[in-house]
There are 2 protein chains.
Amino acid sequence: MKDNNTFHALELELSQMAKCLSHPARIQIITILSKHKDRTCKELVAELPLSQSTVSKHLNDLLEEKLICRKFSGTQSLYTLEWNKLERLFTIFDRLNKRTMINRPKRNCC
Amino acid sequence: MKDNNTFHALELELSQMAKCLSHPARIQIITILSKHKDRTCKELVAELPLSQSTVSKHLNDLLEEKLICRKFSGTQSLYTLEWNKLERLFTIFDRLNKRTMINRPKRNCC
DNA sequence: AATATTAATCGTTAAAGTACGATTGAAAGA
DNA sequence: TCTTTCAATCGTACTTTAACGATTAATATT
(Lines give C-alpha, C1' and ligand atoms only; values in the text may rest on other atoms or scores of the structure.)
Protein backbone atom coordinates (compact mmCIF):
# COMPACT_ATOMS: atom_id res chain seq x y z
CA MET A 1 0.00 0.00 0.00
CA LYS A 2 1.11 3.55 -0.70
CA ASP A 3 0.69 5.24 2.64
CA ASN A 4 0.13 3.29 5.80
CA ASN A 5 -0.49 6.40 7.83
CA THR A 6 -3.79 7.13 6.22
CA PHE A 7 -5.31 4.04 7.73
CA HIS A 8 -6.60 4.35 11.24
CA ALA A 9 -4.74 2.78 14.14
CA LEU A 10 -7.65 0.55 15.03
CA GLU A 11 -7.84 -0.91 11.56
CA LEU A 12 -4.11 -1.46 11.48
CA GLU A 13 -4.07 -3.24 14.82
CA LEU A 14 -7.05 -5.34 13.87
CA SER A 15 -5.56 -6.33 10.53
CA GLN A 16 -2.32 -7.33 12.25
CA MET A 17 -4.18 -9.54 14.66
CA ALA A 18 -6.30 -11.02 11.91
CA LYS A 19 -3.08 -11.94 10.13
CA CYS A 20 -2.19 -14.13 13.13
CA LEU A 21 -5.39 -16.06 12.61
CA SER A 22 -5.05 -16.22 8.83
CA HIS A 23 -3.34 -19.61 8.90
CA PRO A 24 -4.94 -22.77 10.27
CA ALA A 25 -1.70 -23.85 11.93
CA ARG A 26 -1.55 -20.69 14.01
CA ILE A 27 -5.17 -21.06 15.06
CA GLN A 28 -4.48 -24.64 16.03
CA ILE A 29 -1.44 -23.62 18.05
CA ILE A 30 -3.50 -21.08 19.94
CA THR A 31 -6.20 -23.67 20.55
CA ILE A 32 -3.73 -26.24 21.81
CA LEU A 33 -2.01 -23.77 24.10
CA SER A 34 -5.37 -22.72 25.46
CA LYS A 35 -5.88 -26.16 26.90
CA HIS A 36 -2.40 -27.15 27.95
CA LYS A 37 -0.77 -24.27 29.81
CA ASP A 38 2.52 -25.03 28.04
CA ARG A 39 3.82 -27.10 25.16
CA THR A 40 7.20 -27.72 23.68
CA CYS A 41 7.93 -27.17 20.03
CA LYS A 42 8.25 -30.91 19.58
CA GLU A 43 4.81 -31.57 21.04
CA LEU A 44 3.28 -29.00 18.73
CA VAL A 45 5.04 -30.47 15.72
CA ALA A 46 3.51 -33.82 16.63
CA GLU A 47 0.03 -32.32 16.48
CA LEU A 48 0.49 -30.36 13.25
CA PRO A 49 0.88 -31.58 9.66
CA LEU A 50 4.00 -29.50 9.20
CA SER A 51 7.74 -29.87 9.58
CA GLN A 52 9.65 -28.77 12.65
CA SER A 53 11.14 -25.75 10.93
CA THR A 54 7.79 -24.58 9.62
CA VAL A 55 6.12 -24.92 13.00
CA SER A 56 9.02 -23.02 14.50
CA LYS A 57 8.36 -20.24 12.03
CA HIS A 58 4.67 -20.05 12.94
CA LEU A 59 5.63 -19.96 16.61
CA ASN A 60 7.95 -17.09 15.85
CA ASP A 61 5.16 -15.20 14.08
CA LEU A 62 2.93 -15.60 17.12
CA LEU A 63 5.80 -14.59 19.40
CA GLU A 64 6.37 -11.41 17.42
CA GLU A 65 2.73 -10.47 17.81
CA LYS A 66 3.09 -11.35 21.49
CA LEU A 67 0.20 -13.78 21.37
CA ILE A 68 2.41 -16.44 22.91
CA CYS A 69 5.43 -16.42 25.16
CA ARG A 70 8.51 -18.62 25.32
CA LYS A 71 10.58 -19.99 28.17
CA PHE A 72 13.75 -21.96 27.72
CA SER A 73 14.13 -25.11 29.76
CA GLY A 74 17.16 -27.23 29.07
CA THR A 75 17.23 -28.08 25.41
CA GLN A 76 13.59 -27.37 24.93
CA SER A 77 11.37 -24.33 24.56
CA LEU A 78 8.14 -24.05 26.46
CA TYR A 79 5.44 -22.02 24.80
CA THR A 80 2.55 -20.53 26.71
CA LEU A 81 -0.43 -18.47 25.69
CA GLU A 82 -0.42 -14.74 26.37
CA TRP A 83 -3.95 -14.62 27.73
CA ASN A 84 -4.11 -10.86 28.01
CA LYS A 85 -3.14 -10.38 24.40
CA LEU A 86 -5.61 -13.01 23.26
CA GLU A 87 -8.30 -11.31 25.26
CA ARG A 88 -7.46 -8.01 23.62
CA LEU A 89 -7.70 -9.66 20.21
CA PHE A 90 -11.20 -10.86 20.93
CA THR A 91 -12.18 -7.55 22.47
CA ILE A 92 -11.15 -5.72 19.33
CA PHE A 93 -12.94 -8.18 17.10
CA ASP A 94 -16.00 -7.82 19.25
CA ARG A 95 -15.82 -4.07 18.95
CA LEU A 96 -15.83 -4.34 15.16
CA ASN A 97 -18.72 -6.75 15.48
CA LYS A 98 -20.76 -4.22 17.40
CA ARG A 99 -19.72 -1.19 15.36
CA THR A 100 -20.88 -2.87 12.18
CA MET A 101 -23.79 -5.08 13.17
CA ILE A 102 -25.55 -2.24 14.92
CA ASN A 103 -26.22 -0.82 11.47
CA ARG A 104 -27.79 -3.95 10.12
CA PRO A 105 -31.21 -3.15 8.66
CA LYS A 106 -34.16 -4.90 10.28
CA ARG A 107 -35.53 -6.23 7.02
CA ASN A 108 -33.28 -7.89 4.50
CA CYS A 109 -33.93 -5.59 1.58
CA CYS A 110 -32.05 -7.55 -1.11
CA MET B 1 1.69 -26.40 3.62
CA LYS B 2 2.02 -30.07 2.74
CA ASP B 3 -1.41 -31.41 3.40
CA ASN B 4 -4.42 -29.18 3.81
CA ASN B 5 -6.67 -32.08 4.72
CA THR B 6 -5.11 -32.60 8.07
CA PHE B 7 -6.37 -29.26 9.27
CA HIS B 8 -9.90 -29.20 10.57
CA ALA B 9 -12.67 -27.55 8.57
CA LEU B 10 -13.37 -25.06 11.30
CA GLU B 11 -9.80 -23.83 11.37
CA LEU B 12 -9.70 -23.60 7.60
CA GLU B 13 -12.90 -21.56 7.41
CA LEU B 14 -11.78 -19.32 10.23
CA SER B 15 -8.39 -18.72 8.66
CA GLN B 16 -10.05 -17.84 5.35
CA MET B 17 -12.26 -15.29 7.04
CA ALA B 18 -9.39 -13.88 9.04
CA LYS B 19 -7.58 -13.37 5.76
CA CYS B 20 -10.39 -11.03 4.69
CA LEU B 21 -9.71 -8.90 7.74
CA SER B 22 -5.95 -9.06 7.40
CA HIS B 23 -5.73 -5.82 5.44
CA PRO B 24 -6.86 -2.43 6.80
CA ALA B 25 -8.43 -1.47 3.49
CA ARG B 26 -10.77 -4.43 3.58
CA ILE B 27 -11.76 -3.72 7.17
CA GLN B 28 -12.44 -0.14 6.21
CA ILE B 29 -14.56 -1.20 3.25
CA ILE B 30 -16.64 -3.42 5.51
CA THR B 31 -17.01 -0.60 8.00
CA ILE B 32 -18.07 1.88 5.35
CA LEU B 33 -20.57 -0.52 3.82
CA SER B 34 -22.00 -1.21 7.25
CA LYS B 35 -23.16 2.37 7.49
CA HIS B 36 -24.13 3.17 3.94
CA LYS B 37 -26.24 0.34 2.54
CA ASP B 38 -24.44 0.74 -0.79
CA ARG B 39 -21.38 2.43 -2.24
CA THR B 40 -19.87 2.68 -5.68
CA CYS B 41 -16.28 1.77 -6.36
CA LYS B 42 -15.55 5.43 -6.96
CA GLU B 43 -16.92 6.45 -3.58
CA LEU B 44 -14.82 3.84 -1.85
CA VAL B 45 -11.72 4.92 -3.72
CA ALA B 46 -12.33 8.44 -2.44
CA GLU B 47 -12.27 7.19 1.14
CA LEU B 48 -9.23 4.96 0.83
CA PRO B 49 -5.55 5.83 0.34
CA LEU B 50 -5.27 3.49 -2.61
CA SER B 51 -5.64 3.61 -6.37
CA GLN B 52 -8.80 2.63 -8.19
CA SER B 53 -7.36 -0.63 -9.46
CA THR B 54 -6.12 -1.63 -6.02
CA VAL B 55 -9.46 -0.90 -4.39
CA SER B 56 -11.14 -2.87 -7.14
CA LYS B 57 -8.90 -5.79 -6.27
CA HIS B 58 -9.80 -5.64 -2.59
CA LEU B 59 -13.48 -5.51 -3.53
CA ASN B 60 -12.95 -8.58 -5.62
CA ASP B 61 -11.32 -10.39 -2.70
CA LEU B 62 -14.31 -9.58 -0.51
CA LEU B 63 -16.68 -10.63 -3.29
CA GLU B 64 -14.96 -13.98 -3.60
CA GLU B 65 -15.38 -14.61 0.09
CA LYS B 66 -19.01 -13.46 -0.33
CA LEU B 67 -18.67 -10.85 2.35
CA ILE B 68 -20.02 -8.25 -0.05
CA CYS B 69 -22.28 -8.29 -3.06
CA ARG B 70 -22.29 -6.31 -6.31
CA LYS B 71 -25.01 -4.87 -8.47
CA PHE B 72 -24.41 -3.16 -11.81
CA SER B 73 -26.16 0.11 -12.44
CA GLY B 74 -25.24 1.94 -15.60
CA THR B 75 -21.54 2.47 -15.72
CA GLN B 76 -21.15 1.98 -12.02
CA SER B 77 -21.06 -0.91 -9.58
CA LEU B 78 -22.97 -0.79 -6.35
CA TYR B 79 -21.47 -2.74 -3.49
CA THR B 80 -23.48 -3.87 -0.49
CA LEU B 81 -22.61 -5.79 2.64
CA GLU B 82 -23.59 -9.44 2.91
CA TRP B 83 -24.90 -9.19 6.42
CA ASN B 84 -25.50 -12.89 6.87
CA LYS B 85 -21.95 -13.73 5.94
CA LEU B 86 -20.57 -11.03 8.20
CA GLU B 87 -22.68 -12.37 11.02
CA ARG B 88 -21.31 -15.85 10.42
CA LEU B 89 -17.80 -14.47 10.54
CA PHE B 90 -18.38 -12.95 13.94
CA THR B 91 -20.17 -16.06 15.16
CA ILE B 92 -17.18 -18.19 14.27
CA PHE B 93 -14.75 -15.79 15.86
CA ASP B 94 -16.89 -15.75 18.94
CA ARG B 95 -16.89 -19.50 19.05
CA LEU B 96 -13.09 -19.53 19.05
CA ASN B 97 -13.20 -16.88 21.74
CA LYS B 98 -15.30 -19.08 23.97
CA ARG B 99 -13.50 -22.33 23.18
CA THR B 100 -10.20 -20.80 24.20
CA MET B 101 -10.99 -18.29 26.92
CA ILE B 102 -12.94 -20.84 28.91
CA ASN B 103 -9.59 -22.47 29.70
CA ARG B 104 -8.00 -19.31 31.01
CA PRO B 105 -6.57 -19.95 34.47
CA LYS B 106 -8.05 -17.86 37.27
CA ARG B 107 -4.67 -16.71 38.52
CA ASN B 108 -2.03 -15.47 36.17
CA CYS B 109 0.67 -17.91 37.02
CA CYS B 110 3.49 -16.40 34.94
C1' DA C 1 -21.50 10.15 -33.57
C1' DA C 2 -18.09 11.80 -30.39
C1' DT C 3 -16.77 12.21 -25.80
C1' DA C 4 -16.69 11.31 -20.97
C1' DT C 5 -17.29 8.34 -16.98
C1' DT C 6 -16.88 4.17 -14.41
C1' DA C 7 -14.84 0.11 -13.03
C1' DA C 8 -12.84 -4.27 -14.29
C1' DT C 9 -8.85 -6.31 -16.04
C1' DC C 10 -4.06 -6.64 -17.78
C1' DG C 11 0.80 -6.43 -17.18
C1' DT C 12 4.26 -5.65 -14.25
C1' DT C 13 7.02 -5.18 -10.08
C1' DA C 14 8.17 -5.84 -5.39
C1' DA C 15 7.48 -7.75 -1.04
C1' DA C 16 5.65 -11.17 2.11
C1' DG C 17 4.20 -15.73 3.15
C1' DT C 18 4.71 -20.76 3.29
C1' DA C 19 7.19 -24.71 3.05
C1' DC C 20 11.12 -27.93 3.30
C1' DG C 21 15.62 -30.10 4.41
C1' DA C 22 20.08 -29.14 6.22
C1' DT C 23 22.85 -27.00 9.55
C1' DT C 24 24.04 -25.18 13.92
C1' DG C 25 24.47 -24.55 18.81
C1' DA C 26 23.15 -25.57 23.23
C1' DA C 27 22.03 -28.66 26.82
C1' DA C 28 21.33 -33.45 28.57
C1' DG C 29 22.44 -38.06 28.97
C1' DA C 30 25.55 -41.98 28.12
C1' DT D 1 34.01 -36.81 26.39
C1' DC D 2 31.01 -38.48 22.99
C1' DT D 3 26.47 -38.77 21.53
C1' DT D 4 21.83 -37.58 21.38
C1' DT D 5 18.11 -34.41 21.52
C1' DC D 6 15.82 -30.17 20.74
C1' DA D 7 14.70 -26.14 18.44
C1' DA D 8 16.28 -22.05 16.07
C1' DT D 9 18.13 -20.50 11.94
C1' DC D 10 19.92 -20.77 7.18
C1' DG D 11 19.34 -21.42 2.37
C1' DT D 12 16.28 -22.19 -1.03
C1' DA D 13 12.09 -22.58 -3.80
C1' DC D 14 7.62 -21.36 -4.91
C1' DT D 15 3.25 -18.98 -4.25
C1' DT D 16 0.54 -15.33 -2.89
C1' DT D 17 -0.35 -10.63 -1.88
C1' DA D 18 -0.28 -5.87 -2.79
C1' DA D 19 0.44 -2.09 -5.41
C1' DC D 20 0.46 0.88 -9.59
C1' DG D 21 -0.49 2.75 -14.27
C1' DA D 22 -2.45 1.62 -18.64
C1' DT D 23 -5.96 -0.41 -21.19
C1' DT D 24 -10.49 -1.95 -22.21
C1' DA D 25 -15.43 -2.34 -22.41
C1' DA D 26 -19.66 -0.70 -21.22
C1' DT D 27 -22.78 2.85 -20.43
C1' DA D 28 -24.00 7.96 -20.26
C1' DT D 29 -23.74 12.47 -21.79
C1' DT D 30 -23.14 15.99 -25.18
Side-chain angles (χ1 to χ4, degrees), chain A residues 1-7 11-12 14-30 32-33 38-65 67-80, chain B residues 1-7 11-12 14-30 32-33 38-65 67-80:
Chain A
M1 82 196 65
K2 201 165 35 184
D3 186 0
N4 244 339
N5 301 330
T6 53
F7 286 111
E11 273 133 16
L12 285 168
L14 186 46
S15 64
Q16 275 300 104
M17 287 176 160
K19 208 171 279 187
C20 287
L21 303 184
S22 73
H23 194 292
R26 290 190 292 266
I27 297 176
Q28 206 173 327
I29 289 170
I30 290 171
I32 292 169
L33 291 184
D38 61 35
R39 292 275 101 172
T40 65
C41 180
K42 195 194 184 191
E43 287 169 324
L44 292 166
V45 170
E47 299 204 48
L48 293 168
L50 297 169
S51 73
Q52 183 267 319
S53 60
T54 303
V55 171
S56 211
K57 176 60 164 57
H58 284 301
L59 288 168
N60 208 57
D61 294 343
L62 291 169
L63 265 180
E64 280 186 355
E65 275 302 309
L67 265 164
I68 62 174
C69 153
R70 174 175 59 193
K71 262 187 211 142
F72 299 103
S73 159
T75 112
Q76 52 198 13
S77 290
L78 288 176
Y79 288 96
T80 55
Chain B
M1 84 196 61
K2 204 168 28 181
D3 189 357
N4 242 340
N5 301 332
T6 53
F7 286 111
E11 273 134 15
L12 285 168
L14 185 47
S15 64
Q16 275 300 105
M17 286 175 160
K19 208 171 277 184
C20 287
L21 302 185
S22 73
H23 194 293
R26 290 192 290 267
I27 296 176
Q28 205 171 327
I29 289 169
I30 290 171
I32 293 169
L33 291 185
D38 61 35
R39 293 274 100 172
T40 65
C41 181
K42 196 194 183 188
E43 288 168 324
L44 292 165
V45 170
E47 300 203 49
L48 293 168
L50 297 169
S51 73
Q52 183 267 316
S53 60
T54 302
V55 172
S56 212
K57 175 61 163 58
H58 284 301
L59 288 168
N60 209 56
D61 294 343
L62 291 168
L63 266 179
E64 279 186 355
E65 273 303 307
L67 265 163
I68 63 175
C69 153
R70 174 173 62 190
K71 262 187 212 141
F72 300 103
S73 157
T75 109
Q76 52 198 10
S77 289
L78 289 174
Y79 288 95
T80 55

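Proteins get letters first, then strands, A, B, ... in listed order; numbering begins at 1 in each. Predicted model only: the values in this text are computed from it and were never measured.
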A.B. asks: Within the pair R70(B) and dA7(C), is there a side-chain N or O less than 4.0 Å away from OP1 or OP2?
C.D. replies: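 For R70(B), the contact criterion (side-chain N or O under 4.0 Å from OP1 or OP2 of dA7(C)) is not met.
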A.B. asks: Please, which pairs that meet salt bridge (Lys or Arg N to Asp or Glu O under 4.0 Å) have at least one residue in residues 52-62 of chain A, sequence neighbours excluded?
C.D. replies: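 Applying salt bridge (Lys or Arg N to Asp or Glu O under 4.0 Å) to every pair that reaches into residues 52-62 of chain A, excluding sequence neighbours, yields R26(A)-D61(A), K57(A)-D61(A).
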A.B. asks: With respect to the phosphate group of dA18(D), does any side-chain polar atom (N or O) of R26(B) fall under 4.0 Å of OP1 or OP2?
C.D. replies: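 Checking dA18(D) against R26(B), a side-chain N or O does come within under 4.0 Å of OP1 or OP2.
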A.B. asks: Any chance the side chains of S53(A) and S56(A) put a donor and an acceptor closer than 3.5 Å?
C.D. replies: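 S53(A) vs S56(A): no donor-acceptor pair found between side chains.
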A.B. asks: Looking only at the side chain of T40(A) (C-beta and beyond, no hydrogens), which of the listed nucleotides dT6(C), dA7(D), dT17(D) gets closest?
C.D. replies: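 Looking only at heavy atoms from C-beta outward on T40(A), the closest nucleotide is dA7(D).
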A.B. asks: Would you mind building the protein contact string for nucleotides 25-30 of chain C? One character per nucleotide, 5' to 3', B for base within reach (heavy atoms under 4.0 Å), S for sugar-phosphate only, - for untouched.
C.D. replies: --SS--
A.B. asks: Using a heavy-atom distance cut-off of less than 4.0 Å, which residues of residues 52-60 of chain B contact DNA chain C?
C.D. replies: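 Only Q52(B), S53(B), S56(B) qualify.
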A.B. asks: Rounded to the nearest Å, what distance is computed from the CD atom of residue E64(A) to the P atom of nucleotide dA8(D)?
C.D. replies: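 Between P of dA8(D) and CD of E64(A): 13 Å.
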A.B. asks: Could you check if a side-chain atom of C69(B) sits within less than 4.5 angstrom of a side-chain atom of Y79(B), using non-hydrogen atoms only?
C.D. replies: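 Heavy-atom side-chain distance check fails, nothing below 4.5 Å.
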A.B. asks: Need to verify one output field. Residue with the more 5' nearest nucleotide on DNA chain C, S22(A) or S77(B)?
C.D. replies: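 Its nearest nucleotide lies further toward 5', so the answer is S77(B).
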A.B. asks: In this structure, how many angstroms lie between the C1' atom of dA7(C) and the CG atom of L50(B), rounded?
C.D. replies: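 Between C1' of dA7(C) and CG of L50(B): 16 Å.
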A.B. asks: With no hydrogens and no angle check, do the side chains of Q16(B) and E65(B) hold a donor and an acceptor under 3.5 Å apart?
C.D. replies: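 Result is yes, a qualifying pair exists.
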A.B. asks: Ignoring the backbone of C41(B), work out which of dA7(D), dT17(D), dA8(C) is nearest its side chain.
C.D. replies: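 Side chain of C41(B) sits closest to dA8(C).
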A.B. asks: Below 4.5 Å, heavy atoms only, C-beta onward: do K71(A) and S77(A) meet side chain to side chain?
C.D. replies: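 Sidechains of S77(A) and K71(A): no contact.
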A.B. asks: Between C1' on dA7(C) and CG on L44(B), what's the gap in Å once rounded to a whole number?
C.D. replies: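 Taking CG of L44(B) and C1' of dA7(C), I get 12 Å after rounding.
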A.B. asks: Side-chain N or O of Y79(B) less than 4.0 angstrom from OP1 or OP2 on dA8(C)?
C.D. replies: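 Answer is yes, contact under 4.0 Å.
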A.B. asks: For F72(A) and dA8(D), what is the distance between atoms CZ and P respectively, to the nearest whole Å?
C.D. replies: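 That distance rounds to 7 Å.
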